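These values consider heavy atoms only, across backbone and side chains, with no hydrogens, waters or symmetry-generated copies. The chains referred to below are lettered A, B, ... by the order of the sequence lines, with proteins before strands, and numbering in each begins at 1. Not measured: the values here are computed from a predicted model.
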Number of protein chains: 2
Amino acid sequence: MEKVDIKRLARELNLSISTVSRALRDSHEISDSTKKKVFELARQLNYQPNPHASSLREQRTKTIALIIPEVANNFFSLVIDGIESIAAEKGFHVLIYLTHEKTEKEVEFVRQLSNGRVDGILMSVSGLGQSITHLEDLMQKNIPLVFFDRTPDELDVPKIITDDRDSSFRATEHLIQCGCKKIVHVSILRQMSISDKRKQGYLDAINKHGLPEMVLDCSIDEEETYQLIKTCIREQKPDALFASLERLAIAAYYVCGELGLNIPGDLKVLSFSNLQTASLLNPPLTTVTQSAFDMGAAATKQLFRLIKGQEIDERTITIRADLIRRKSTSCD
Amino acid sequence: MEKVDIKRLARELNLSISTVSRALRDSHEISDSTKKKVFELARQLNYQPNPHASSLREQRTKTIALIIPEVANNFFSLVIDGIESIAAEKGFHVLIYLTHEKTEKEVEFVRQLSNGRVDGILMSVSGLGQSITHLEDLMQKNIPLVFFDRTPDELDVPKIITDDRDSSFRATEHLIQCGCKKIVHVSILRQMSISDKRKQGYLDAINKHGLPEMVLDCSIDEEETYQLIKTCIREQKPDALFASLERLAIAAYYVCGELGLNIPGDLKVLSFSNLQTASLLNPPLTTVTQSAFDMGAAATKQLFRLIKGQEIDERTITIRADLIRRKSTSCD
DNA sequence: CTGTTAGCGCCTTCAC
DNA sequence: GTGAAGGCGCTAACAG
């Protein structure tokens, strides 16, 4: 099948290439009759402009890149959904890159994208706290760039984050209002600003109400975490656990099963979680859930503002997390 | 910051553009000393070739497109992971398009991709059984195309599928070996070849062992499904349910809770499911799980064969599903 | 209103 | 071993 490009259309219609080009872009300086003929043939032959030729010529690609640590995870899946929705709406294409938490892959992707492949980049950082020189280089290039969820504190860039401290505060107060007096915050020690903020929200609420600060710092090791939680429940006898991360909640959940504790009767368990199926657990867990779709959508909109060269009024946008109460764990 | 392209390298090194181009591609007709100088400067300035210029010139983009119905779903997340892994390994880029089950979006995406944006397309069809003229058009264009999971039976194209009938057969035999004698297959009526194959596997196993065929066809309506299952359990008193789809298993799971039936003590529940967290249910469910990552990887490898113009020996590749037994539901 | 021309950045014949 | 020139498909400035 013969290639269908502008040249072909021009030849078949006995017009010049530029006339066809202008007609296709609905230029006002082309007669209606010509436009009609061009459109008609284009439709008939199903003409689609070659995007690489346009990109090269116009120096804009109508494509954005998304760099994330992983995708087998409800949070990032929903984020992709939000991003794709907005992008498709604006006629943009989305390239996806997975780092699998490896900073070196992130560096490599960023390097590859630094030469006009895309109009902008959305990114959730892999090894936070690691070197960010590659990100600084990227900023130098003046490529529109928006971070979301896992964002580098050190850089002054547009970012979309969750209101971790506030939602943690609200969640803790929720437990307090349910009558809990000994609330343990299950966290991890790894340096991660996100955990710190959640811990802070917990502490603020606890102190506001004059309750005892009970923080349990777990480790990366699954088994050790499991034991730490078990010991904590046995010795401190809390009436509520507030987990900073999903996997900590799951661990707590199983420890409760082992100890024969009923949730939420004997012990309330509340967690930050994006696991859609937290509601499938029996009993279901009450969760603080990030609005992943909204984060993706907000990040993309912000990126488009940068691409269009618009001024950005808020460099940091905060998306509120939802406190989702499962029926059987509600306090009322 | 001044743009860094071949021209710039050439100018700074007092070489011609073509020499630099050849040096960068490590051509044998360039002296080692020149190559070294070129590489050195390229590294120093972090030169990255403009991909659109290359694509235009070489008529190949090192990019593939992935069209899927949705992503907020463990199966497709893992598929993306598999695809991205193989693609990244080969230096390819992946564009992602979500149809949200709308055939018209699928048609639109396919149309957009038909003019050289990508070297090949991976696709899981939305609205199976609907019109496939857009897919036929795509095949006409001779653009490499591989289907996976949801594939159009009508077309003779490379496809990656799950061994639905066989795994269903194996799963049913597993239940039989556990001593079950009244096994209900919970399915849906909607015309979908995938359900039919699973039903067939069940029937084959049942008939082989001379047990009664007990098929419960549910509806799309959630509430109705729920009632149908409840009635079935009450009246037919099966000793096992084998769900064809995840959501049917979840429904069955909750019905059991309501009826006070223990899983798997009173009733075994087994299901086709890609929900990673099926193991989090309490009790966990035994599942037949598609090897999503492997499907993505296999599809991508197949696509690369087509892109390279290699002959394809098997047009249909079958990926085995895994029977994942949860500890507490194992029969032994 | 329409056509001619000159690139976008890269690769590749063809010449020397 | 290196350089000059043409063109991938498209757009836009400049002519008529």
Side-chain N or O of B:K3 closer than 4.0 Å to phosphate OP1/OP2 of C:dC8: no
Protein-nucleotide distance (B:I17, atom CD1; D:dG6, atom P), rounded to Å: 14 Å
Phosphate contact (D:dG9 OP1 or OP2) by A:Y47 side-chain N/O below 4.0 Å: no
Sugar-phosphate only, base, or nothing, as touched by A:R25 at under 4.0 Å among non-hydrogen atoms: sugar-phosphate
Out of D:dC8, C:dC10, D:dT2, whichever nucleotide has its closest atom nearest the side chain of B:I30: D:dT2
Residue-phosphate contact under 4.0 Å: A:S31 side-chain N/O, C:dT2 OP1/OP2: yes
N or O in side chain of A:S18 less than 4.0 angstrom from D:dA12 OP1/OP2: no
Most 5' of A:E29 and A:I6 on DNA chain D, judged by nearest nucleotide: A:I6
A:F76 and A:F148 aromatic ring geometry - parallel, tilted or perpendicular at 30°/60° bounds: perpendicular
Under-4.0 Å side-chain N/O to phosphate OP1/OP2 contact, A:T19 with C:dG3: yes
Whichever of A:A53 and B:K35 has its nearest DNA chain D nucleotide further upstream toward 5': B:K35
base_contact_polar (D:dG3 base, B:R22 side chain, donor-acceptor, <3.5 Å): yes
Phosphate OP1/OP2 of D:dG9 contacted by B:Q59 side-chain N/O (<4.0 Å): yes
